[in-house]
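Lettering follows sequence order; numbering is per chain, from 1.
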There are 2 protein chains.
Amino acid sequence: MAATRKTNPSQPRHTRDVEHWDLETDVAVVGFGGAGGCAAIEAADAGAEVHIFELASASGGSTALSSAEIYMGGSGGTRVQRATGFEDSTEDMFQFMMACAGPQADEAKIRNYCERSVEHFNWLVGLGVPFKDSFLNERAIMCLTDDGLLYTGNEKAWPFSSIAKPCPRGHNLYVEGDNGGPLFMKIVTENVEQRARIQVHYETRALTLIVDDNDEVVGLVVRENQQELNVRARGGVILCAGGFVMNREMVARHAPKLTLGTEPIGNPGDTGSGIQMGLSVGGAAINMHEGFITLPFYPPASLTYGIAINDKGQRFINEDVYHGRFGDFVLRQPSERIYLILNVEHYADYETASYLGAPVAGTGETVAELEEELALREGSLAYTLATYNEDCAAGNDSQFHKAPAWLQPLEPPLVALDLTPGRGAFVPHFTLGGLDTLPTGEVVNEQRDVVPGLYAAGRTACGVVRRAEGYASGMSVGDATFSGRLAGLQAAKRLQTLF
Amino acid sequence: MAATRKTNPSQPRHTRDVEHWDLETDVAVVGFGGAGGCAAIEAADAGAEVHIFELASASGGSTALSSAEIYMGGSGGTRVQRATGFEDSTEDMFQFMMACAGPQADEAKIRNYCERSVEHFNWLVGLGVPFKDSFLNERAIMCLTDDGLLYTGNEKAWPFSSIAKPCPRGHNLYVEGDNGGPLFMKIVTENVEQRARIQVHYETRALTLIVDDNDEVVGLVVRENQQELNVRARGGVILCAGGFVMNREMVARHAPKLTLGTEPIGNPGDTGSGIQMGLSVGGAAINMHEGFITLPFYPPASLTYGIAINDKGQRFINEDVYHGRFGDFVLRQPSERIYLILNVEHYADYETASYLGAPVAGTGETVAELEEELALREGSLAYTLATYNEDCAAGNDSQFHKAPAWLQPLEPPLVALDLTPGRGAFVPHFTLGGLDTLPTGEVVNEQRDVVPGLYAAGRTACGVVRRAEGYASGMSVGDATFSGRLAGLQAAKRLQTLF
């Protein structure tokens, strides 16, 4: 029966079916994005011979498509934080990131990430990644200037602001425009190419893992130049093959709430094959239902002066949160429609600069007129606005805790944008589930025993980032590069113990 | 390295490590609850020799602990439905169950369940399961009378009432009190014992699966009388070992929202070992984040006249829903506190008969007094009550669609119960994730290819029930018994094709 099966990531190959090894190496890395590149560099610098297998014709992965903001801080601050006047404590960073992950938090991983974050910054700088010692004081989704630091998450928004002292930790590369990702991967790729111990195989697809009679991962099967090659990896295989957002069947099965989103974010290789390979040898996947899903309603920052309401006319969030948290709360509302209510002058900002694409749902010279246009119960929006405006006058958002700086009364004429997912607004999303790993990058099974010889990093693993409601820009590339390094080191270390 | 590993469900044994078979059978069933019992009966009736391995000293599983309501209908109605005047269409049942499962729905499974539901009723009656042809017209969590039929879900509540014609489908065994589960398992056990082809091994733990060189499941390792036995199962192994609610580490990793619940519901065997065995051979687990979690606020039914509010004084649900949907919506509220606001006379009912155990959070001779006691913003509850009472007078809950029968104005003196999970109320929960299977019970991997020789049913599989917000009592035992039957049949059928 085995003969009839195709080679697929859910079906590992056994050494007894391997007639000969076509290639032997110390460490095999699947995928050459941010995680895979950093894994290869660290493994090579620890003395290992490394082969990277990349599906595409070039390095990059999702990291190259991103802004490559990198979430770093703690230990008194990175060079950029300190130079711009921010002292950042490891404990504040830890408490903040624990709150971000909520009940899904992996405390050991978050602790390790925070304690070693400044070291990670220095390592990146050592690779040649440039950061300018300047702070951008804007409410932005990405940094279009070349500034080195900005707030990229919920740090200043309630309840996070009451849990840990806010500090900006989004580090942006020293480059104008949204060009951090390509520059970052250019630098990582140059570093890889400089290392004689690393060999890169482009246009090479990892098909499946190879396990021996002890159920240890000892290599993988790849397809290169139309040929299947059996690759022996003495120290192990590191899966850095991205997430599964482009595999719509997997998304529907595992993260159905993401199907409400309109735009999957990722690269075409995010098919979940890395996760499938890990599962095929007993690795556990966790947090598979979670994803980042957002309504990127700023910039313009002035939309933060508006209020979001559901179809009962009720507010449900402090609108000064990070856009991912906003998106998550929108999806959790038991409501068929969601609106953003704006003063006319802020609507003018929206018209000139926004990624959101939300259609206008209604306008009103009076509140009653807007209620009618939005088919809200008479008086419901009026009550919400009266309460809100009273709180604005007092400088205290008594129920939702939007920061005083964003409190301005909303008076007619008013405009309502339709934020309901599926009605026109841009609702991008990606997955946050993956293989369960130790902080070392070792993949574990459902009993949390290590699967010998298997590592995962970046989005193939489930890292420090676990929920849209606690996401911050820079956490993905931060986690990918840091977890890649640790996995690379661990695979090289294992090699030394084995041989 | 293999020698140092313990025998555990995450680590399958290979036939090459099996020196001899201690026992050979056609079909091995792990677990003797509702699913396992029905699987064994059907496999035996199809001609297979069956061994059941049950951890406990007696049959029962979680089915015996339950009320054993069974969710059945469609095809014009079961005998009980028809005798009590309810005509039930398969399409209504299908549309209702699809809405219950929402984006997680497995359409093929639900279709099959609905189309064959009356046949399943007749099969159970054939086993000797008694149902009285009577209808209990009460809003109840369980049936304490011996009546045969009652509403057990959201059928009559918005939005379900607008999606499919409501029909009661909760079938209750002909027995007084909450004694359906023990009676049901007594009947199933007698049926098993009557069949010479079935042998039951009590106090026998399934340790791990056995796979051959083609990665087919060909048996399992059990521990019986302190000895490890290698059991060959020619047709396959059917995992009916329950869910993972008693494995608190797995719950924390996979279904963290359930950790907000106070009482795990299940039996001590619900450790996830069946799911782990399936994962160990490449089976995929889905819906692992979901569970049933509830605030059982009725009976007394009169509490349905109250309204639930969050700490902003906002209503958020039609309170005439099934208690599981209510619990789910409570957890989704971005609110630190949840209250149920009652008239004093309904509070009196609560004092005399309730499972809920929610403490009184406040009382008020006036609304303003209650707002103060609950630390609500001044006027917030007053607005909500004014709106609600206006809607009651009009007989139309304009925003939340509670059915007119439950609309009574709420006037002071008022009482508020604290429904916040963790503050005293009883918040039971169980898991709804498990191995992904075809409607036949065959376990599939992440590519949805069948894992040959492996079946799962009941809570070890992910069946037709997927969400607390769409749960109905009777769906678990209905799914367990039906899916058990199908898996038993399929394993017996496979045997015929192999030998």
Ring-plane angle category for His289(B) and His289(A), please: parallel below 30°, perpendicular beyond 60°, tilted otherwise. parallel
How far does CG of Asp213(B) sit from CG of Asp213(A), to the nearest 0.5 angstrom? 8.0 Å
Do any N or O atoms from the side chain of Gln399(A) and from the backbone of Lys312(B) form a donor-acceptor pair under 3.5 angstrom? yes
Looking at every non-hydrogen atom in both residues, tell me the closest pair between Pro12(B) and Asp215(A) and how far apart they are. O-OD2, 4.3 Å
From the list Gly313(A), Ser380(A), Gly272(A), the residue making the most non-hydrogen contacts under 4.5 Å with chain B is Ser380(A)
Residue by residue, scan residues 276-286 of chain B and write down, ordered by number, those that have a heavy-atom distance under 4.5 Å to chain A; if none do, write 'none'. Gln276(B), Leu279(B), Gly282(B), Ala285(B), Ile286(B)
Out of Gln333(B), Lys257(B), Arg448(B), return the one with the most heavy atom pairs under 4.5 angstrom to chain A. Arg448(B)
Of the listed residues (Gln104(A), Gln314(A), Glu290(A), Arg315(A)), which shares the most heavy-atom pairs with chain B below a 4.5 Å separation? Gln314(A)
Decide yes or no for Pro9(A) and Gln447(B): does some side-chain heavy atom of the first lie under 4.5 Å from some side-chain heavy atom of the second? yes
Are the side chains of Arg253(B) and Asp436(A) in touch, meaning some heavy atoms are under 4.5 Å apart? yes
For Ser10(B), is it the side chain, the backbone, both, or neither that has a heavy atom closer than 4.5 Å to a heavy atom of chain A? both
Within a strict 4.5 Å, meaning less than it, do heavy atoms of the Asp449(A) and Asn8(B) side chains meet? yes
Taking atom types as modelled, find out whether Glu446(B) and His254(A) have a side-chain donor-acceptor pair closer than 3.5 angstrom. yes
If you count heavy-atom pairs under 4.5 Å with chain A, which of Met250(B), Glu469(B), Met288(B), Arg16(B) comes out on top? Arg16(B)
Contacts of residues 381-394 of chain A with chain B (heavy atom under 4.5 Å): Tyr383(A), Thr387(A), Glu390(A), Asp391(A)
